[in-house]
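What follows is a set of notes on a single structure, which appears directly below.
Chain naming here is simple, since letters A, B, ... match the order of the sequence lines and numbering starts at 1 in each.
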2 protein chains.
Amino acid sequence: MDEKEVIETLRASGYKLTKARRAVIRVLVQSRRKLTAQEILEKGKEEDPKLGIVTVYRTLEILGEIGVAKRLHGESGCHSYALSEPGEHRHYLICKGCGAVIEFEGYEEIGALLSRLEKETGFQITDHWLQVFGYCPRCRERVNEGGGK
Amino acid sequence: MDEKEVIETLRASGYKLTKARRAVIRVLVQSRRKLTAQEILEKGKEEDPKLGIVTVYRTLEILGEIGVAKRLHGESGCHSYALSEPGEHRHYLICKGCGAVIEFEGYEEIGALLSRLEKETGFQITDHWLQVFGYCPRCRERVNEGGGK
DNA sequence: ATAAGTGCAAATCGTTTGCACACTT
DNA sequence: AAGTGTGCAAACGATTTGCACTTAT
């Protein structure tokens, strides 16, 4: 999803495009990392200095509703948000170094696992969530070089 | 893990067994569901009427630290806690009806998926998290019968 | 023009911290 | 007895809500 597509989706869903919303969208599109609402606010202010945290939250809610952004869950209990392809994927690969987020498809492996689980537990599985953490190629280098740690 | 094992682990880790802690542990052991801190407080009060929310949080932190309870992440942003086998599993099967939590092993399917991901993305994967949602056998029946919904 | 969107301040909710008192070992 | 653990009240941080003002269509 690029900026244009996000904006189109937004309009198609009956929402107006405002300066504030464009700022939030642009931050998400340009960073492609997971960002907290606060981080989005700060970067967004570079584009729309009047941007407020409330609008950031409200915009994220709308973007979530129309499926183009998702809320990610951090260990600590605080959330981050990231752009995503529309739809119901719930699989993210997240760089612990720079926060880069890559969304990936539910490969057959997951399907196999789920049907196995259903068989073994008697559960009727409806949904799942997978977050994978690691280091992206760039951060991986940095970490491995870093000598000390 | 039953109550006795949890208590032993607690003591072995240098913590004292108190009325409050026993109450929290008992709630977790007896329900085997995911529970919010508030829910644990309420049920725990049946056993120790003086129990306070602060102690619930502190006990959950300790249980997490010694590996016998885990924090689960809910869609809304609020957390639940559940008993778990000690160690680093991060795979839970959660009933959307009654909240029952089943922990399962990281089957080969996940290993296969992860190594595939590593190859395709160049990430160095260090960790992952999987939560699977559905209906347990009992709730499944209830839902399917329920005619209306 | 007008409904939708905004920022501010205040409210809320889950969680944590400071502190004097109580309990386990 | 002595240190650990407790509850309370207050602090805290993220998120939401009420409201009068502004803006996109």
B:Tyr15 vs C:dT25: side-chain N/O to OP1/OP2 distance below 4.0 Å: no

Residue B:Arg21, side-chain heavy atoms: nucleotide from C:dT17, D:dT25, D:dG5 that is nearest: D:dG5

Per B:Arg58 side chain, nearest of listed nucleotides D:dT6, C:dA3, C:dT15: D:dT6

Sugar-phosphate only, base, or nothing, as touched by A:Arg22 at under 4.0 Å among non-hydrogen atoms: nothing

Below 4.0 Å: OP1/OP2 of D:dT25 and any side-chain N or O of A:Arg11: yes

Atom pair distance, as rounded to whole Å: CD in A:Glu61 and C1' in C:dG5: 14 Å

Phosphate-side-chain proximity, B:Lys50 and C:dC23, N/O vs OP1/OP2 below 4.0 Å: yes

Nearest-nucleotide pick for A:Val54, side chain only, options being D:dG5, D:dT16, D:dC8: D:dT16

Of the listed nucleotides C:dA9, C:dT15, D:dT4, the one nearest the side chain of B:Lys16: D:dT4

Touch class at under 4.0 angstrom, heavy-atom based, for B:Leu17 against every strand present: sugar-phosphate

A:Ala20 side chain, from C-beta outward: closest of D:dT15, D:dT23, C:dT6: C:dT6

N or O in side chain of A:Tyr57 less than 4.0 angstrom from D:dT15 OP1/OP2: yes

Residues B:His73, B:Trp129; criterion ring-ring contact (aromatic ring centres under 6.0 Å, His included); working and verdict: CA-CA 10 Å; B:His73 303 254; B:Trp129 252 20; 4.3 Å; yes

Polar side chain donor-acceptor pair, A:Ser31 to A:Lys43, under 3.5 angstrom: no

Touch class at under 4.0 angstrom, heavy-atom based, for B:Ile53 against every strand present: nothing

B:Ile25 side, atom CD1; B:Lys4 side, atom NZ - distance, nearest 0.5 Å: 13.5 Å

D:dT6 OP1/OP2 closer than 4.0 Å to side-chain N/O of B:Thr18: yes

